[in-house]
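Structure, as structure tokens:
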Amino acid sequence: MADAPLHADPAAASRDRGGPLQPLLIVRGLTKHFPIRSGLMGRRTGVVQAVDDLSFDVMKGEVLGVVGESGCGKSTMARLLMQILKADRHELIFDGDPLGHTGITTAELRRQMQMVFQDSHASLNPRMTIADCIGFARRMRGEPRNMVAAKVDDLLERVGLTPAQYRHRYPHELSGGQRQRVNIARALALEPRLLILDEAVSALDKSIEAQILNLLNSLKAELKLTYVFISHDLNVVEYISDRMMVMYLGRIVEIGPVDQVYGDPKHPYTRALLASKPSHDPRKRTLVPPITGDPPNPINPPSGCRFRTRCEFAEGVCGQMAPTLKPLDNGDHSVACLMQQPGSGHSRAPI
Amino acid sequence: MTAMGISALIVMLAIAAPYVTDGQPYSGNALERLKPIGTHGHLLGTDELGRDMWTRLVYGARLSLISGAAPVLIALAIGGSLGVIAGYAGGRVNALIMRTMDIFYAFPAVLLAIAACAVLGPGLLSTIAALSIVFTPSIVRITETATTRIRGMDYIEAARCSGATDFRIILHQVLPNVQAPVLVYASSLAGLSIILAAGLSFLGLGMSPPNPEWGQMLNSLRQSIYVQPWVAALPGLMIFVTSVCFNVISDGLRVAMDVQDG
């Protein structure tokens with residue numbers, strides 16, 4: 001049972017509609033502004049631009065790492081993609097099918113796309129057994145009890161928990177790492193093709209984190225999964241990702257293959273972020289803080305480039321013009337910085 | 001355990017009333033009025049119309065238990081649903097339901113019960129209705145608070161991701177987590193409900209004579225308190241013991257249902 005593939009290959013092949021070159025998920029113009037209401041009448045006194053006009057593709061079989069400081073909109077983005085939060089404006093195309101009445105429904109999207117939450121404790125219902133938690137989605141879709149039970153055992157086995165031992169336990173009887181395994185099993189229950197991992201390993205001990213990362217890697221290979229891996233841990237993202245996306249204050253500042261972004265970061269924010277990563281060599285201490293201050297308040301983000309208030313290269317033009325994400329010469333690597341855009345008016349821009 | 005035992009005894013006596021008494025709570029002998037406790041043939045004495053106190057107390061347990069339990073159950077059904085809906089939906093729905101409940105909250109409980117009873121007229125059903133109205137707002141509030149706390153939890157979001165309908169999420173994910181505090185609170189209301197029901201009858205707004213309701217019995221025996229103080233105190237003792245027992249059980253329930261958060 002455990003050795004049988006989760007979805008047989010022909011089925012997986014039939015679910016793959018657009019071929020390997022078709023992005024699994026295309027996101028265009030994803031925007032979410034939270035109004036701030038105050039006073040007795042709930043007047044709108046401001047807007048938090050949590051996620052502002054995100055556009056990116058997730059290719060089939062890749063791991064797209066998403067990094068950024070806390071509050072930059074990573075988790076909001078995950079919830080918007082899962083349709084838990086309603087986006088103000090967005091266009092989602094899942095394997096060629098647009099979300100909406102001409103393409104796939106929200107229910108179908110959620111079958112193909114699932115999410116693993118950061119807090120392994122809060123994301124499991126304390127009143128449900130492990131088996132009930134994992135089997136919930138399938139039970140709710142009307143599958144008979146015995147079929148769901150077999151499926152649950154298979155999933156437990158896959159995430160490295162002995163079914164007989166854990167099936168009837170409650171979440172509080174498990175350790176953090178075990179709970180996160182259960183969360184992964186739960187997310188896999190509907191046989192999705194895309195997993196959104198929202199800080200899925202951030203709350204774990206380093207040793208457990210490594211185990212879970214290895215588990216994710218092997219699950220990805222076995223089940224032909226695609227991941228959107230959200231994390232603030234640059235080492236983890238470098239380890240697991242194929243491409244990475246750097247977010248700052250609700251916008252994408254840089255996106256590209258991991259080796260290119262790590263090897264040759266183009267955006268000053270990415271550079272600062274990477275420089276803040278402690279070196280493994282104690283003789284190479286970072287003595288000068290690569291970036292100072294807190295991100296500006298997203299209620300009133302700076303005009304133009306949102307990073308200009310902390311950027312050492314900021315010039316007048318940065319406040320007048322918002323840089324858009326533009327591909328560099330090689331095409332894969334895109335960056336939103338006026339310094340990389342010819343004719344932008346920035347003194348460091350290429351001619 | 002003692003409280004459970006006494007409560008169970010009262011419930012059993014109420015059910016078996018025709019078998020443990022002479023079965024005639026309404027008929028009395030005018031010649032045997034206000035006999036003291038221990039009189040031959042009338043173990044607990046007789047009331048001001050010569051009716052056997054034991055019989056009337058046991059039959060009274062039926063009415064008192066119903067007027068104690070029914071309003072709580074009704075308020076639990078109505079208030080629990082409203083509270084879960086308000087907490088789960090949030091926003092405008094929440095504001096509408098909670099502000100309406102706040103209006104009821106603005107009145108003292110007894111005043112509200114008296115007003116409702118006065119409007120509905122005396123009788124068992126109007127007592128139950130009045131007390132249900134009194135208890136509903138507080139149950140709504142407890143349920144709403146518990147639901148709001150749970151609504152933002154990741155496991156509810158995960159359940160929404162799984163594509164389950166709101167109704168099923170409420171049924172399978174929300175209710176098991178809100179039931180403990182709500183049930184504990186509701187059980188503590190049962191004792192209060194008995195007291196309030198008796199109080200309403202005592203004021204002449206609940207059950208009317210000759211129904212053997214404890215509060216109403218207390219009222220009619222009030223004039224005889226100088227003649228037979230112990231007999232006159234018996235209905236009050238029953239009210240006291242029953243509501244204390246219910247409260248102790250409620251406390252036990254609180255301990256037993258304590259959520260294991262690990």
Side-chain angles (χ1 to χ4, degrees), chain A residues 37 42 75 78-79 81-85 105-129 132-142 169-176 179 182-184 186-190 192 195-196 198-200 203, chain B residues 80 83-84 86-99 102 142-143 145-184 253-262:
Chain A
R37 298 182 190 280
S75 290
R79 282 166 171 74
L81 292 180
M82 279 314 298
Q83 311 291 314
I84 303 177
L85 280 177
T105 60
T106 303
E108 186 52 33
L109 182 77
R110 282 173 176 165
R111 181 162 201 125
Q112 307 262 17
M113 194 160 98
Q114 281 289 319
M115 177 164 172
V116 177
F117 294 84
Q118 169 175 17
D119 187 339
S120 67
H121 181 65
S123 52
L124 292 173
N125 190 333
R127 296 268 174 189
M128 281 169 103
T129 62
D132 286 342
C133 282
I134 297 173
F136 181 74
R138 284 185 166 260
R139 290 284 302 144
M140 289 302 107
R141 285 171 193 247
R169 293 207 185 175
Y170 284 89
H172 67 87
E173 297 172 296
L174 268 57
S175 72
R179 277 201 296 263
V182 173
N183 273 319
I184 292 168
R186 193 238 324 256
L188 291 174
L190 289 174
L195 269 197
I196 299 174
D198 183 10
E199 302 272 13
Chain B
V84 167
Y88 189 77
R92 285 168 199 276
V93 177
N94 180 301
L96 182 71
I97 294 176
M98 295 317 288
R99 294 301 83 75
D102 284 348
I142 300 251
T143 318
T145 309
T147 311
T148 304
R149 190 174 59 80
I150 282 162
R151 180 175 80 122
M153 300 288 269
D154 285 348
Y155 61 82
I156 300 295
E157 298 204 331
R160 291 174 64 197
C161 288
S162 77
T165 58
D166 286 339
F167 177 73
R168 285 183 150 174
I169 292 175
I170 287 176
L171 197 65
H172 295 276
Q173 306 267 0
V174 177
L175 281 188
N177 285 291
V178 298
Q179 65 176 9
V182 176
L183 287 182
V184 167
L253 211 57
R254 186 191 309 276
V255 175
M257 293 186 98
D258 199 7
V259 187
Q260 186 90 42
D261 269 332

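In the text below, chain A, chain B and the rest are named by the order of the sequence lines, each starting its count at 1. Hydrogens, waters and symmetry mates are skipped; everything else that's a heavy atom, side chains included, is used. Just so we're clear, the structure is a prediction, and the values are computed from it rather than from any experiment.
For a residue to count as touching a neighbouring chain, one of its non-hydrogen atoms must lie under 4.5 Å from one of that chain's; by this rule L190(A) touches chain B with the side chain only. Of the atoms belonging to R138(A), not a single heavy atom falls under 4.5 Å from chain B. Neither the backbone nor the side chain of R111(A) has a heavy atom closer than 4.5 Å to any heavy atom of chain B.
Interatomic distance, CG of N125(A) versus CE of M153(B), reported as 8.5 Å (0.5 Å rounding). Rounding to the nearest 0.5 angstrom, the gap separating the OG atom in S162(B) from the CD1 atom in I134(A) is 13.0 Å.
Contact check for Y155(B) versus M128(A): no side-chain heavy atoms found under the 4.5 Å cut-off. Considering only heavy atoms from C-beta on, H172(B) comes within 4.5 Å of M140(A) through its side chain.
Residue with the most contacts toward chain B among R141(A), R79(A), E173(A): R79(A) (heavy-atom pairs, distance under 4.5 Å).
In this structure, R92(B) places its CZ atom where only 12 or fewer heavy-atom neighbours from other residues, nucleotides or ligands lie under 6.0 Å away.
C161(B) and M115(A) make their closest contact through SG-CB, 4.5 Å (heavy atoms, listed as atom of the first residue, atom of the second, distance).
For the pair R160(B) (side chain) and Q83(A) (backbone), a donor-acceptor distance under 3.5 Å is absent.
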